[in-house]
Amino acid sequence: MKVDIHAHFFPDIGRQEAISFGFDQPPWLRIDNKGSGMMMDGDKEYRLVQSALWNSSDRLEEMDRNEIDIQIMSPTPMLFAYASDSEDATRWAARINDFAAESCETNRQRLHSLCQVPLQDVNKACTEVSRSMKAGHVGVHLGTHVTGRNFDDPEMIRFLRYCAEEGVPVLIHPWDMMAAERMSEYMLQWLVGMPAETHLSILSLILSGAFERLPEELKICFAHGGGSFAMHLARVENAWHRHQIVRQDCPKPPSSYVERFSVDSAVFDEKTLCFLLEVMGEERVMMGSDYPFPLGEFHPGEMINKSKVIDEKTRHALLYKNAVDFFGLDHE
Ligand code: CO
């Protein structure tokens with residue numbers, strides 16, 4: 001059995017409908033002809049996509065081809081709308097979440113979804129996450145920051161505490177990358193910006209002492225193997241030991257907090273995956289492919305499936321057990 005915890009969808013929202021939510025240059029989907037479409041960022045063409053991104057029957061067929069049993073799909077991050085008016089963003093989130101819940105009805109055993117919330121207004125975000133969970137979502141998908149506020153922001157922590165108390169698993173995904181003006185070429189926003197965003201998001205929780213204030217029950221996972229975090233944990237640890245300014249809000253060594261979160265396996269290399277397993281522990285890594293986007297694993301789960309280095313118990317944990325436990329899926 002294989003579960004893919006990092007896969008995206010984009011609802012079939014056209015230009016007129018997107019504009020009706022009150023946004024200036026909204027993301028929307030231009031369906032060109034049967035089987036393909038263009039993700040639009042306002043008037044700009046953003047990415048050529050195939051129908052499995054919005055059509056759940058086609059998605060299931062691709063899952064069959066890729067031998068994926070269960071997929072946990074999350075909204076494409078460009079849909080987050082955190083910079084918009086919170087009333088507009090709430091109606092927008094509901095539209096996207098209802099689309100996802102309906103898509104999952106096509107096969108409730110194999111398709112699950114994460115909702116998005118208007119995180120710029122935590123009260124509204126709490127209401128929408130609870131409404132979505134009742135409608136069948138299995139967790140919430142959040143960006144790495146909310147218009148420049150990191151996860152050590154008291155409002156972000158309040159939302160995470162609500163998720164912990166309500167039993168809502170959280171997946172954090174990079175978006176709206178820092179210093180984007182310096183990364184306009186060569187996909188640098190994906191190659192440098194995304195791993196840095198995720199690293200920053202994890203460190204903002206660790207070094208602010210947020211994990212000390214959050215319930216241990218919180219289930220939180222970071223995309224793309226946690227970005228640059230694992231590779232630089234030793235650097236952070238060294239800084240914590242040697243500089244008061246690093247440890248002033250963080251009472252325990254940074255490495256002791258790795259047991260408080262999970263990461264996906266989207267690191268594209270077996271040696272890197274083994275290192276990640278060493279840092280995070282095998283119970284805190286879950287297969288995530290970033291399907292169906294161009295920097296995703298081409299055959300989701302293949303690296304773990306074919307690895308001769310990891311044993312069967314670890315393979316089962318990464319491909320199935322950890323995800324079922326994390327998202328509380330009812331499959332066995
Ligand atoms: Co992704």
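Every number for a ligand or one of its atoms is a count from 1 in the order of the listing.
F9 does not carry R59 over the face of its six-membered ring by the limits of under 6.0 Å from the centre and within 45° of the normal.
Separation of the F327 and H112 ring centroids does not fall under the 6.0 Å cut-off. The six-membered or imidazole ring of F151 lies away from that of F222, with a centre-to-centre distance of 6.0 Å or more. Within the 6.0 Å centre-distance limit, the rings of H6 and H8 are counted as a close aromatic pair.
Legend: protein N/O/S atoms lying under 2.8 Å from the Co ion (ligand 1), waters omitted, number 4.
Across F23, F80, W28, a single residue satisfies ring-ring contact (aromatic ring centres under 6.0 Å, His included) together with W92, and that is F23. Among R30, M39, M38, the single residue meeting the side chain to side chain contact (heavy atoms under 4.5 Å, CB included) criterion with V49 is M39.
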